[in-house]
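Reading through the structure tokens given below for one structure.
Here the structure is a predicted model, which means the values were calculated and not measured. The basis for the numbers below is simple: all heavy atoms, side chains too, and nothing from hydrogens, waters or symmetry mates. Chain naming here is simple, since letters A, B, ... match the order of the sequence lines and numbering starts at 1 in each.
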There are 2 protein chains.
Amino acid sequence: MSNVKKYSIEVRVWIEETEGAFLGIGKIWLLENIRKTGSITNAAKEMKMAYRQAWQLVEEMNQRAESPLVEKLLGGKGGGGARLTEAGERAITTFYELEKRIKDFAEKETQNLKF
Amino acid sequence: MSNVKKYSIEVRVWIEETEGAFLGIGKIWLLENIRKTGSITNAAKEMKMAYRQAWQLVEEMNQRAESPLVEKLLGGKGGGGARLTEAGERAITTFYELEKRIKDFAEKETQNLKF
DNA sequence: TATCAGTATTCATTTTAAAACATACTGAAT
DNA sequence: ATTCAGTATGTTTTAAAATGAATACTGATA
């Protein structure tokens with residue numbers, strides 16, 4: 001028996017747009033937490049991320065998508081909040097489907113890695 | 001005609017080992033430059049990377065691979081140098097083949113991305 | 001019209017990683 | 001035994017990124 005180590009393949013998937021990286025797993029998690037908590041503030045807390053950072057990510061997504069992924073509600077009862085748009089919901093679904101297909105393929109394609 | 005933006009998918013592939021990321025495109029480039037230049041020093045210069053960093057990457061690769069990917073020559077004529085081992089050569093080939101299959105699949109799998 | 005919680009934005013601070021610097025070691029060749 | 005270019009390694013500087021703190025804005029509700 002020789003010293004055989006286990007190697008596995010990892011794949012990171014993201015969507016690119018003319019100005020660079022547009023949507024990866026990090027922003028998808030943020031979208032999911034916004035859906036779950038109803039606000040950018042609470043989504044950020046959930047992820048132990050600075051509000052400032054979360055807000056900037058949302059801003060960037062909204063500006064670079066064809067239509068906004070997050071709808072922001074200003075003022076009013078509870079101070080406002082944020083919710084996903086239809087496009088935001090679709091983005092999550094689309095991303096995960098794509099990611100799954102690619103990761104499944106990668107795994108299937110990989111056996112007996114040796115270095 | 002509506003404002004249709006172009007989105008494309010990007011995929012990053014790397015090899016994972018028990019202790020974490022083991023071999024990705026960055027280390028592969030380093031291996032290629034070592035092969036091309038015959039030393040870690042010159043490979044690092046080629047890549048505008050600090051020698052220290054390049055050396056550490058080589059060290060890590062060698063320790064975590066089943067057998068070293070880079071053979072280091074100490075002292076002597078020209079001060080020494082570094083060259084790829086058989087395993088190092090195979091690592092480059094294996095990595096690129098795997099990466100190509102996965103990227104081709106990803107591209108094929110992706111059309112009409114809309115966000 | 002005062003409250004309230006979240007959004008919007010700037011600025012200072014901290015954390016982190018990368019690069020730069022410095023110095024010792026190696027061994028063939030002269 | 002000196003030279004030489006590359007390896008080996010610790011320490012210091014620099015730069016970039018994330019965080020934190022501070023402040024103004026918003027608008028439904030009581």
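At a threshold of 4.0 Å, the pair D104(A)-K108(A) does not count as salt-bridged, since none of the basic side-chain nitrogens sits closer than that to a carboxylate oxygen.
The bend of the helix from dT1(C)-dA30(D) to dT30(C)-dA1(D), defined by the angle between the axes of its first five and last five pairs, stands at 10° to the nearest 10°.
Taking every heavy atom of residues 67-91 of chain B and every atom of DNA chain D, pairs under 4.0 Å involve K72(B), L73(B), L74(B), G78(B), G79(B), G80(B), G81(B), A82(B), by number. Proximity of residues 10-29 of chain A to DNA chain D (heavy atom under 4.0 angstrom from any strand atom) is not detected for any residue.
Checking I92(A), N62(A), L84(A) one by one against L69(A), the side chain to side chain contact (heavy atoms under 4.5 Å, CB included) holds for a single residue, N62(A).
One interatomic measurement links the two molecules: CD of Q63(A) to P of dA8(C), which rounds to 11 Å at whole-angstrom precision. One can place CG of N42(B) at 12 Å from C1' of dT7(D), the figure rounded to the nearest angstrom. The distance between atom CD of E60(A) and atom P of dA8(C), rounded to the nearest whole Å, is 15 Å. Residue I40(A) contributes atom CD1, which lies 16 Å from atom P of dT26(D) at whole-angstrom precision.
In this structure the side chain of M47(A) never reaches within 4.5 angstrom of the side chain of E32(A), judged on heavy atoms. Looking only at side-chain heavy atoms (C-beta outward), L23(A) and M61(A) come within less than 4.5 Å of each other.
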Stepwise side chain to side chain contact (heavy atoms under 4.5 Å, CB included) check, L57(B) with M49(B):
CA-CA 11 Å; L57(B) 293 176; M49(B) 165 189 281; 4.0 Å; yes

Show the numbers, then the answer: is there a side chain to side chain contact (heavy atoms under 4.5 Å, CB included) between T93(A) and E89(A)?
CA-CA 7 Å; T93(A) 308; E89(A) 294 287 355; 5.6 Å; no

Show, in sequence, the C-alpha distance, side-chain angles and deciding distance for L30(A) and V70(A), and conclude whether the side chain to side chain contact (heavy atoms under 4.5 Å, CB included) test is met.
CA-CA 10 Å; L30(A) 178 56; V70(A) 176; over 6 Å; no

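With hydrogens and angles disregarded, no donor-acceptor distance shorter than 3.5 Å links the side chain of R101(B) to the backbone of F105(A). Side-chain atoms of T85(A) do not come within 3.5 Å of backbone N or O of E71(A) as any donor-acceptor pair.
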Would you tabulate the nitrogen or oxygen pairs shorter than 3.5 Å linking the protein to nucleotides 12-22 of chain C?
none

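Sorted by first and then second residue, the pairs that involve residues 21-48 of chain A and meet ring pair (Phe, Tyr, Trp, His ring centres under 6.0 Å), not counting sequence neighbours, are F22(A)-Y7(B), F22(A)-F115(B). Sorted by first then second residue, the salt bridge (charged side-chain N to carboxylate O under 4.0 Å, His left out) pairs that include residues 36-47 of chain B, not counting sequence neighbours, are K36(B)-E46(B).
Under a cut-off of 6.0 angstrom, the local environment of CD in E107(A) is sparse, with at most 12 non-hydrogen atoms contributed by other residues, nucleotides or ligands. In the displayed structure, E19(A) atom CD is contacted under 6.0 Å by more than 12 heavy atoms of other residues, nucleotides or ligands.
In this structure, T41(A) reaches the bases: a heavy-atom distance under 4.0 Å links it to at least one base atom across the strands shown.
The phosphate of dA8(D) (OP1 or OP2) has a side-chain N or O of W55(B) nearer than 4.0 angstrom.
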